[in-house]
Amino acid sequence: SKSQMGIASYFKVH
Amino acid sequence: MFEARLAQSAILKKVLEAVKDLLTEATFECSDSGIQVQAMDNAHVSLVSLNLRSDGFDKYRCDRNLSMGMNIGTMTKILRCASSEDTVTLRAVDSPDNIIFIFESQNKEKLAEYEMKLINMDLEHLGIPETMYSCVVKMPSQEFARICRDLSQFGEAITIACSKEGIKFSAAGDYGNANVKLAQTADSDKEEEAVLIDMQEPVKLTFACRYLNSFVKATPLCAQVKLSMSSDVPLVCEYQIGEIGHIRYYLAPKIDD
């Protein structure tokens with residue numbers, strides 16, 4: 001099975 | 001003073017329809033260069049990035065940079081009050097508490113004003129790095145919408161595999177599985193119908209149907225959609241908005257447990 005990643009884990013939060 | 005006018009409200013109506021499924025609230029950042037929106041959906045799985053350049057408006061004035069928090073549901077309702085051919089003007093004072101939408105009919109005989117309260121929002125900005133994508137696919141937006149809709153019947157996720165030969169969309173579920181392959185079009189006489197693949201390395205990524213089906217609400221904005229993919233990074237799904245800007249959706253992939 002696959003799990004859903006969150007978008008913020010790929011982009012830096014400012 | 002902020003004032004932005006579009007000769008036809010149709011573009012703004014379509015933009016709202018393209019984001020309303022994903023966003024409940026968003027900050028519209030207005031500056032001399034135009035209007036930008038960057039917002040994550042509630043589940044923080046996707047990111048919407050909207051850019052409307054000031055030179056694409058029929059009239060644009062922004063004396064001071066403004067961050068206006070707007071309720072997308074309310075804004076959608078207001079835009080639905082405009083006819084597609086109406087001129088739309090957005091107007092706000094410096095440090096505003098509200099924004100005014102002014103719709104004027106083509107014959108100038110009907111003038112409607114809608115005032116919407118702005119909301120205070122914490123501004124959380126994500127830095128999106130410059131990325132060289134392994135595969136960039138341009139294809140008819142209606143075809144992409146159709147494939148997302150059709151494959152959603154089979155499973156909750158769509159796997160996109162892109163190689164030199166073409167792009168393959170597949171879905172698998174309890175009732176069976178489905179796949180749709182598109183080859184690169186040999187002659188692209190009709191630019192709008194072309195499937196173009198720019199591949200450095202093949203990629204295979206899986207994405208939740210739910211979000212893809214929200215992104216394709218942008219289909220009326222542009223005849224072509226651009227999909228940019230690399231292994232283990234978010235998909236970028238981009239629609240040009242006429243001569244005025246673009247909307248990009250970023251979607252985090254699903255990964256093996």
Side-chain angles (χ1 to χ4, degrees), chain A, chain B residues 22-23 27 29 38-49 67 122-131 133 155-160 170-174 204-212 214-215 228-237 248-257:
Chain A
S1 72
K2 289 179 181 291
S3 53
Q4 177 64 62
M5 296 298 289
I7 195 78
S9 55
Y10 294 95
F11 302 139
K12 272 186 192 160
V13 180
H14 293 286
Chain B
L22 291 165
L23 308 178
T27 301
E29 291 175 78
Q38 193 205 73
M40 287 184 278
D41 70 282
N42 279 342
H44 291 199
V45 169
S46 68
L47 177 79
V48 177
S49 175
S67 286
D122 291 331
L123 200 55
E124 194 181 58
H125 211 78
L126 294 180
I128 301 164
E130 282 280 319
T131 306
Y133 289 94
E156 290 181 355
I158 293 177
T159 298
I160 305 177
S170 53
D174 297 340
K204 190 177 179 187
L205 289 159
T206 300
F207 301 102
C209 291
R210 229 195 98 190
Y211 294 94
L212 296 174
S214 294
F215 301 169
S228 303
M229 292 167 284
S230 283
S231 291
D232 304 320
V233 302
L235 161 78
V236 191
C237 180
R248 288 186 188 136
Y249 301 95
Y250 295 83
L251 177 59
K254 289 171 88 82
I255 58 162
D256 289 324
D257 284 332

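Bear in mind the structure is a predicted one, so any value in this text is a computation, not a measurement. Throughout, a chain's letter reflects where its sequence line sits, starting with A, and its residues are numbered from 1.
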Can you say whether D232(B) sits under 4.5 Å from chain A via the side chain, the backbone, both, or neither, judging by heavy atoms?
backbone
One should read off an interatomic distance between H44(B) NE2 and S9(A) OG, to the nearest 0.5 angstrom, of 12.0 Å
Between A208(B) and Q4(A), which heavy-atom pair has the shortest distance, and what is it?
CB-OE1, 3.8 Å
Considering non-hydrogen atoms only, spot the tightest contact between A8(A) and M40(B) and give its length.
CB-SD, 4.4 Å
Is the gap between the ring centers of Y10(A) and Y250(B) under 6.0 Å?
no
In a check of side chain to side chain contact (heavy atoms under 4.5 Å, CB included) between M5(A) and each of V45(B), I255(B), V233(B), L251(B), which one passes?
I255(B)
Interchain contact, S46(B) with chain A, by part (heavy-atom threshold 4.5 Å)
backbone
Derivation of the side-chain contact (heavy atoms from CB on, under 4.5 Å) call for I7(A) and L47(B)
CA-CA 7 Å; I7(A) 195 78; L47(B) 177 79; 4.1 Å; yes
Does atom CG of D122(B) have more than 12 heavy-atom neighbours, drawn from other residues, nucleotides or ligands, at distances under 6.0 Å?
no
Taking atom NZ of K2(A) as the centre, report whether more than 12 heavy atoms of other residues, nucleotides or ligands fall under 6.0 Å from it.
yes
